[in-house]
Amino acid sequence: MDYEAVIGLEVHTQLLTRSKMFCGCANDFGGEPNTRVCPICLGYPGVLPVVNREAVRKTLVAGLMCGCEVTGVSTFDRKNYFYPDMPKDYQISQFDRPLCRGGGILLGGSGFSGDPLEERTVRLTRMHLEEDTGKLTHLGRASAVDFNRAGLPLLEIVTEPDMRTADEAHAFLTELKQLMQYADVSTCDMEKGQMRCDVNVSVRPRGQETLGEKVEIKNLNSFRAVHRALCYEIGRQADELDRGGRVLQETRGWDDAAGVTFPQRIKEEAHDYRYFREPDLMPLETTAESAREIAALLPEAPRHRRQRLVRVLGLTGYDAAVLTSDKALADYYERAAAASPDPKAVANWMITEMMGALSAAGIGLADCPVAAESLGELVSLVAAGSISGKQAKGVFGEMFRTGRGPGAIVAAQGLSQVSDTDAIGEYAAAAIAANPDAVAQYRAGRERALQYLVGQVLRLSRGKANPRLAVEQLRRRLGPQEGES
Ligand code: ADP
Ligand code: ZN
Ligand code: MG
């Protein structure tokens with residue numbers, strides 16, 4: 001039987017704010033357990049939450065980046081359940097009036113960062129704001145809880161069941177992460193738990209309209225785990241149906257080491273969270289005017305930036321995808337490209353030399369000793385024939401070690417390539433006079449003899465002659481080869 005998978009994602013990302021969602025405690029990763037807490041995020045009776053405006057603004061930014069509807073009234077609600085990582089026994093979330101609805105993320109086609117994919121829009125159901133819970137650590141028969149994370153602003157993004165393959169789910173997450181990073185909404189670092197993903201997946205015979213029973217896989221902590229878990233789970237469900245069985249609607253976990261999903265709990269009668277309005281918080285109203293103000297300040301979307309780099313600067317799709325994978329990298333690249341006549345050459349330098357040097361030194365772009373403008377200048381020197389490509393690599397190494405500009409290094413090392421035809425002509429004449437054998441071989445039609453003579457010109461000029469001009473001058477002086485008319 002030929003089955004088709006149907007996938008919907010629920011993604012949580014921590015927002016980049018200075019303080020927590022409803023109190024003044026710091027929003028920072030790590031810290032000694034229970035040091036970033038106060039009566040509000042510990043849920044003491046009688047305290048009052050205060051909405052973090054920056055978290056609301058960033059949620060709207062995220063929504064507008066994805067084309068969501070953001071205007072109107074939005075409310076906070078209490079989601080009631082008991083779990084020891086949640087001090088209040090309810091989580092302040094948004095139930096029926098989220099900040100953002102609708103919208104979507106376009107995958108595939110031109111301007112897409114991943115492997116070639118058919119163009120597809122993954123529609124978003126909603127985006128809403130809630131507070132994070134604390135973190136439990138299980139210590140044998142007891143557990144410890146750290147409330148530093150409790151109350152951090154959390155953006156939840158829910159998609160429609162619009163993805164069909166593990167690759168598409170992976171591509172969606174990659175694109176979403178880039179959008180969030182570009183807009184400075186979240187760092188989406190999965191290793192630090194700043195982005196978490198629950199995956200919903202069902203299968204159905206290809207061609208069937210109705211959706212199959214879905215399984216929810218909880219707490220996947222890397223994109224790779226999402227991809228692997230989906231591949232496994234799609235296969236498992238298809239096998240189950242092939243054997244004449246049925247898929248149970250349940251929550252499953254993912255065992256990364258074994259590469260399998262396993263049952264966690266059967267979905268009981270829809271969990272009753274007894275949602276009701278948070279009585280301590282006023283509804284939020286987003287007017288068309290404030291939405292316009294935020295929209296006017298949105299950054300260029302990564303997809304548009306990739307398309308522009310290809311169309312306007314002549315980069316390949318691959319170059320553009322690498323350079324826009326990170327906004328800071330793309331900004332650096334564009335500053336460097338503006339300082340040079342050859343944007344494609346700057347891209348090559350960035351992707352090979354620069355990224356290589358950074359990873360060898362184990363540092364990030366933020367600590368890069370080479371200014372973007374200096375990299376552009378270096379490429380300009382090569383384009384103008386002032387130094388050779390080979391010399392430029394040495395100069396780059398020196399720039400990376402010392403942080404000095406290329407002009408100063410070239411001058412100090414006396415590297416400037418000789419592009420003066422008169423001077424090169426003299427070296428060529430001297431090389432011809434000193435090497436009659438090579439000259440005779442060249443005239444007899446042996447190209448290799450010319451390489452030897454070029455080598456002599458380079459030696460005489462102590463490596464500074466522009467090799468292309470050396471070939472020109474030698475050919476002019478050597479005259480026609482045998483067999484040439
Ligand atoms: P629940 O009530 O179980 O939370 P929702 O309808 O709210 O289910 O959907 C949660 C997520 O599951 C959404 O991302 C949605 O797109 C996805 N989803 C819903 N039904 C299916 C299905 N049959 N197969 C795969 N994904 C689904
Ligand atoms: Zn607090
Ligand atoms: Mg739901």
Side-chain angles (χ1 to χ4, degrees), residues 3-12 17-28 31 34-44 47-52 55 79 81 86-88 92-96 98 101-105 121-128 131-134 146-153 156-166 168-169 172-173 176 196-205 208-218 220 226 229-230 233-234 237-238 241 246-252 265-273 275:
Y3 294 103
E4 172 181 68
V6 172
I7 301 162
L9 303 177
E10 292 165 287
V11 184
H12 286 92
T17 56
R18 282 209 310 260
S19 54
K20 289 188 179 180
M21 187 62 226
F22 299 113
C23 64
C25 292
N27 177 2
D28 274 326
N34 300 308
T35 52
R36 290 169 191 153
V37 291
C38 73
I40 295 177
C41 55
L42 288 177
Y44 283 24
V47 296
L48 285 176
V50 177
V51 171
N52 181 331
K79 179 179 180 178
Y81 64 96
M86 202 179 49
K88 292 195 293 285
I92 304 178
S93 180
Q94 299 196 282
F95 182 53
D96 54 343
R101 294 172 194 272
I105 293 181
T121 297
V122 175
R123 291 167 300 157
L124 302 182
T125 314
R126 58 188 276 154
M127 283 192 203
H128 70 253
E131 55 179 340
D132 210 344
T133 57
D146 173 11
F147 288 119
N148 283 352
R149 205 181 69 179
L152 289 184
E156 175 167 350
I157 301 146
V158 182
T159 80
E160 292 290 301
D162 282 352
M163 287 154 278
R164 296 291 175 266
T165 63
E168 280 180 6
F172 173 85
L173 289 170
L176 176 68
R196 284 163 256 158
C197 182
D198 298 338
V199 167
N200 299 273
V201 55
S202 61
V203 301
R204 60 181 171 187
Q208 177 183 305
E209 277 284 327
T210 49
L211 298 178
E213 290 286 1
K214 79 172 155 73
V215 162
E216 179 167 5
I217 311 169
K218 283 274 189 204
L220 294 160
V226 169
L230 273 169
E233 183 59 24
I234 292 167
Q237 292 183 16
L241 297 183
R246 53 178 283 253
V247 174
L248 285 183
Q249 188 177 335
E250 64 182 346
T251 300
R252 295 176 76 90
R265 56 188 153 89
I266 299 285
K267 191 121 187 169
E268 327 81 50
E269 289 314 301
H271 208 128
D272 182 5
Y273 293 116
Y275 278 102

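First listed ligand is number 1; within each ligand, the first listed atom is number 1.
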Is the closest N or O pair between [X] and ligand 1 shorter than 3.5 Å?
X    : value
S202 : yes
G212 : yes
E213 : no
Q249 : no
V158 : no

Enumerate the atoms of ligand 1 whose separation from the nearest heavy atom of [X] is less than 4.0 angstrom.
X    : result
V6   : 24 (N), 25 (C)
E160 : 16 (O)
L9   : 14 (O)

Distance, nearest 0.5 Å, that separates [atom1] of [X] from [atom2] of [Y]:
X    : Y    : atom1 : atom2 : result
M86  : D132 : CE    : CG    : 11.5 Å
D28  : R36  : CG    : CZ    : 4.5 Å
E216 : R265 : CD    : CZ    : 7.5 Å

**Study point:** Positive for side-chain contact (heavy atoms from CB on, under 4.5 Å) with L9, one of D198, V199, V201, L124
**Key:** V199

Practice item. Going by the side-chain contact (heavy atoms from CB on, under 4.5 Å) test, name the single residue among V122, D162, I7 that passes it with F172. Key: V122

**Study point:** Vertex the Zn ion (ligand 2), arms to C38 SG and C25 SG, rounded to 10°
**Key:** 100°

Study note, to complete from the structure: The angle formed at the Zn ion (ligand 2) by SG of C41 and SG of C23 is about (to 10 degrees) 110°

Review point. Between F95 and Y275, how do the two ring planes meet: parallel, tilted or perpendicular, split at 30° and 60°?
Key: parallel

Review point. Does any N or O in the side chain of R149 come within less than 3.5 Å of the main-chain N or O of G134, such that one atom is a donor and the other an acceptor?
Key: yes

Check your understanding: Quick one: do the E213 and S202 side chains pair a donor with an acceptor below 3.5 Å?
Key -> no

Point to revise | Of the listed options R123, R204, K214, closest to atom 8 (O) of ligand 1 (non-hydrogen atoms) | key: K214

